[in-house]
Protein chains: 2
Amino acid sequence: MTADEKPAVASTRLRKQGGVALWRQIADGIRQGIREGVLGNGERLPPETDLAERFGVNRHTVRSAIAALVQEGVLRAEQGRGTFIQNKERIVYPISKRTRFSRGIDGQARSTSGRMVDCLTEVASEIVATMLALDPKSPVVKLKSVSLADGLPLSSATSWFDSRRFEGIGKIYEKTGSITASLAHFGVEDYTRRSTTISARHADEIECRLLSLAPGAIVLVTKAINIDASGKPIQFSITRFVADRVELSVSPEEKLEAL
Amino acid sequence: MTADEKPAVASTRLRKQGGVALWRQIADGIRQGIREGVLGNGERLPPETDLAERFGVNRHTVRSAIAALVQEGVLRAEQGRGTFIQNKERIVYPISKRTRFSRGIDGQARSTSGRMVDCLTEVASEIVATMLALDPKSPVVKLKSVSLADGLPLSSATSWFDSRRFEGIGKIYEKTGSITASLAHFGVEDYTRRSTTISARHADEIECRLLSLAPGAIVLVTKAINIDASGKPIQFSITRFVADRVELSVSPEEKLEAL
DNA sequence: TTGAATTTGTCCGTATGTATT
DNA sequence: TAATACATACGGACAAATTCA
C-alpha cells in the first residue's frame, strides 16, 4: 500500500454535535464523497475497520451508516469482498398504448433476455377474474417470468390469461421468450394497453431471491391490463421492476405508433 | 397486565437454523402476524425488551428486525411511545393527458390542501432550460410546494416556469393553492401533459423532513412537462409522492376527457 | 488444494441519551 | 418527577465468504 494514496472519504474525526447521530454524519460524508466524485462508480470503499479508525468511532457505528446507504441503493456490500459504489444509471421503460417489453428496452442494453420461472393453470381469484372480465372461478393460466438486461435481473412478471383461449401459452412462451409472439400464436395480431397502475415498495424475500436483490431493495410495481382489437381483456400482469435500474416513461402515443 | 392477554406475536423461542439470521426470522414472524391479522392497523407492538425475552434473543436482535420492517413501511417506531403497525391504504393518483392534482385525488380523501414552501427566481439549469425549451441560463421561477390529504403529507413538488411569461406566479399560487388556477391567471386556458417519467428511491433527509417520513421511506418520483394549447412547454415539475400512500394510475385519455 | 489473511455479517452485553407518559 | 421505551454508541466474539499466497 502506498503512503500517499488519495483519501477515499473525508476523515474528519467526528463528534456528537447538533443532535445529529454519528452514523448519520458518516453516511452524509460518504454520500458527499460520491457526489463530489472522490469515489467513482464501482470503486471499493475502505474496509469498515479503516473507516471506523478514520472517523474515530466504533466499527458498528460505521456499519449503521453503510447499512443505511445500502438501503438507499448508494452502496453494495459483499461479504468477504468489500463495499462498493453502486451504479445508478437507469434503463428507460416506456409505458404507452402499445407497450411491448422487447421494444421498450431495445438499444439501451447490450443484451436482453427472458426466462420462464413457472407456469400453471389455476382458478381465477376474484381480482384476476375481474381484471380479465371472466366469470368468477374460471380457469386461468398463470405465467411467471424474469427478464434480464446485460445479464442482470431487470424485472419479474406474473401474468394471467384466460385458460380456455390461451391453453398452453406457457410452452410457446418458453420457446419464444416473448409475450407478443406467444399471443400471436393464438391469433392475437395486435393488442393494446387499457390501464396501468404504478406503486413502489420494498422487495419481499421471494423477489429478492428472484431478482438477486439485497434485502431492503425497492421494486416499482406495475399492474396492467392488455386488450385485443375487439376490446376484450387478454392479459392481466403484475410486473416488479428493480427500482435502481429502471425508470418508467409515460409517453404520448404518437411516438410509439410510428414504429 | 392481565395474564390471559392475546399473544401479539408468536413467541416461539428461536435458534440459529437453516442459515437464516435470527433477526430475519423475527422480522418474518412479525410480518406474518400482521398478515394473519393477529396485529391490526395502528395497534401497538410489545416493547422491544418483551419481544427479546419472548424470542429468547438480545434486544438488539429484535431491533434489527424492527428496523428492517420500519424500512419496509410495515411498522412505525416512535421514540418514547412504542412501535405501531402502519396503515398501507393508498390514494390513487391518475396520470393522463389532462393530469390535474386536485381533480386526481378528489373524493378519495376527506380533505386535501396545498401549501407553498418556497418560491424564488433563478437562472435555469441545463436540464430545466431543455425541459422548458428556453435559452440556456434564462430566468425561471422555481416553486416548491407540499400537498396534504387528510392532514398527512402526500407529496412534495418542485416546479419551474418561464420567469418572463409567469412572473409572480408564486403569489398567485399562495392565494389559490392551485397550479391550474395560477396558470389561468396568466391566460393559460388549458394545458396538457407532454411526458411523465416515473422512478422510485429512498427519500433523502430534506424529503423526510418535508413529508414527515421516517428515514428509509420510499418516494415515487415523477418528472413531468406540461404544454399549452400551442404546444409550448409551460411547466416542468418534479413531484415526490409518499410511496406508502400513493398509487399512480396511467389511464386512457377518454375517461378524463369526459370530465 | 490447502490454509491463512482479509472483510463483511451476526449476536451478545452494557451504558447512556432522549422523548413520552 | 419517575418510569417507560426507543435511539445511539461502544466493546467483544465468532461465523461466513472471498482472496491470495
Side-chain angles (χ1 to χ4, degrees), chain A residues 1 8-9 13-30 43-71 74-86 205 208 212-216, chain B residues 1 8-9 13-30 43-71 74-86 205 208 212-216:
Chain A
M1 166 158 51
V9 291
R13 201 172 184 85
L14 299 174
R15 272 299 130 211
K16 265 170 247 187
Q17 56 175 22
V20 181
L22 280 176
W23 69 265
R24 279 190 203 284
Q25 295 180 49
I26 293 167
D28 291 346
I30 296 172
E43 259 184 274
R44 221 199 88 172
L45 217 64
E48 294 169 350
T49 44
D50 285 24
L51 290 174
E53 200 178 355
R54 291 196 204 186
F55 285 116
V57 299
N58 187 276
R59 178 177 157 236
H60 292 306
T61 309
V62 169
R63 276 182 65 72
S64 293
I66 290 175
L69 295 172
V70 168
Q71 289 286 43
V74 173
L75 300 178
R76 166 178 42 88
E78 293 180 31
Q79 191 172 37
R81 282 178 33 87
T83 305
F84 305 86
I85 312 297
Q86 183 77 303
E205 310 121 85
C208 284
S212 311
L213 297 174
Chain B
M1 168 160 52
V9 292
R13 201 172 183 85
L14 299 174
R15 272 300 130 211
K16 264 171 247 188
Q17 57 176 20
V20 181
L22 280 177
W23 69 266
R24 277 189 203 288
Q25 296 180 49
I26 293 166
D28 290 347
I30 296 173
E43 259 185 276
R44 220 198 92 172
L45 218 63
E48 293 170 349
T49 44
D50 285 24
L51 290 174
E53 199 178 355
R54 290 195 204 188
F55 286 116
V57 299
N58 187 275
R59 180 175 155 241
H60 290 306
T61 310
V62 169
R63 275 183 64 73
S64 294
I66 290 176
L69 294 173
V70 167
Q71 290 286 42
V74 174
L75 300 178
R76 166 178 41 90
E78 294 180 29
Q79 192 172 37
R81 278 174 40 84
T83 305
F84 304 86
I85 313 297
Q86 184 76 302
E205 310 123 85
C208 284
S212 312
L213 297 174

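Residue numbering restarts at 1 for every chain, and letters A, B, ... go by the order of the sequence lines.
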Open item on the list: I need the CZ-C1' distance between B:R24 and C:dT10, as an integer number of Å.
Closed with: 11 Å
Open item on the list: I need the A:R76 CZ to A:R81 CZ distance, nearest 0.5 Å.
Closed with: 7.5 Å
Open item on the list: If I take atom CG in residue A:L22 and atom P in nucleotide C:dT16, what distance separates them, rounded to the nearest angstrom?
Closed with: 17 Å
Task: Listed nucleotide nearest any side-chain atom of B:E48, set C:dG9, D:dC6, C:dC12 - done: D:dC6
- [ ] Write down the distance between CH2 (A:W23) and C1' (D:dC10), rounded to a whole number of angstrom.
- [x] 17 Å
- [ ] Determine the contact category for B:T49: base if any of its heavy atoms lies under 4.0 Å from a base atom, sugar-phosphate if only primed atoms, P, OP1 or OP2 are that close, otherwise nothing.
- [x] nothing
Task: DNA chain C-proximal residues of residues 58-66 of chain A, any heavy atom under 4.0 Å - done: A:R59, A:H60, A:R63
Task: Distance (rounded to the nearest 0.5 Å) between B:E48 CD and B:N58 CG - done: 10.5 Å
Open item on the list: Reading DNA chain D from 5' onward, which residue's closest nucleotide shows up sooner: B:G82 or A:R81?
Closed with: B:G82
TODO: List the steps, then state whether side-chain contact (heavy atoms from CB on, under 4.5 Å) holds for B:I85 with B:V74.
DONE: CA-CA 6 Å; B:I85 313 297; B:V74 174; 5.6 Å; no
Task: Nearest-nucleotide pick for A:R44, side chain only, options being D:dC6, C:dT7, C:dG9 - done: C:dT7
Open item on the list: Distance check needed: C:dG9 C1' versus A:R76 CZ, whole Å only.
Closed with: 17 Å
Task: Spacing of CD1 belonging to A:I30 relative to CG belonging to A:L51, to within rounding of 0.5 Å - done: 5.5 Å
Open item on the list: In this structure, how many angstroms lie between the C1' atom of D:dA7 and the CD atom of B:Q79, rounded?
Closed with: 5 Å
Open item on the list: Any side-chain N or O of A:T83 below 4.0 angstrom from OP1/OP2 of C:dT7?
Closed with: no
- [ ] Please round to the nearest 0.5 Å and tell me the distance separating atom CZ of B:R59 and atom OG of B:S64.
- [x] 11.0 Å
- [ ] Could you check how far CD of A:E78 sits from P of D:dA16, rounded to whole Å?
- [x] 19 Å
Task: Reference residue A:W23; test side chain to side chain contact (heavy atoms under 4.5 Å, CB included); the match among A:V62, A:I66, A:D28, A:T61 - done: A:T61
TODO: Measure the CZ-OG1 distance between A:R54 and A:T49 for me, rounded to the nearest 0.5 Å.
DONE: 10.0 Å
- [ ] Figure out the CZ/C1' separation between B:F55 and C:dC12, and round it to whole Å.
- [x] 18 Å
TODO: Can you tell me the distance, in whole Å, between the CG atom of B:L75 and the P atom of D:dA7?
DONE: 11 Å
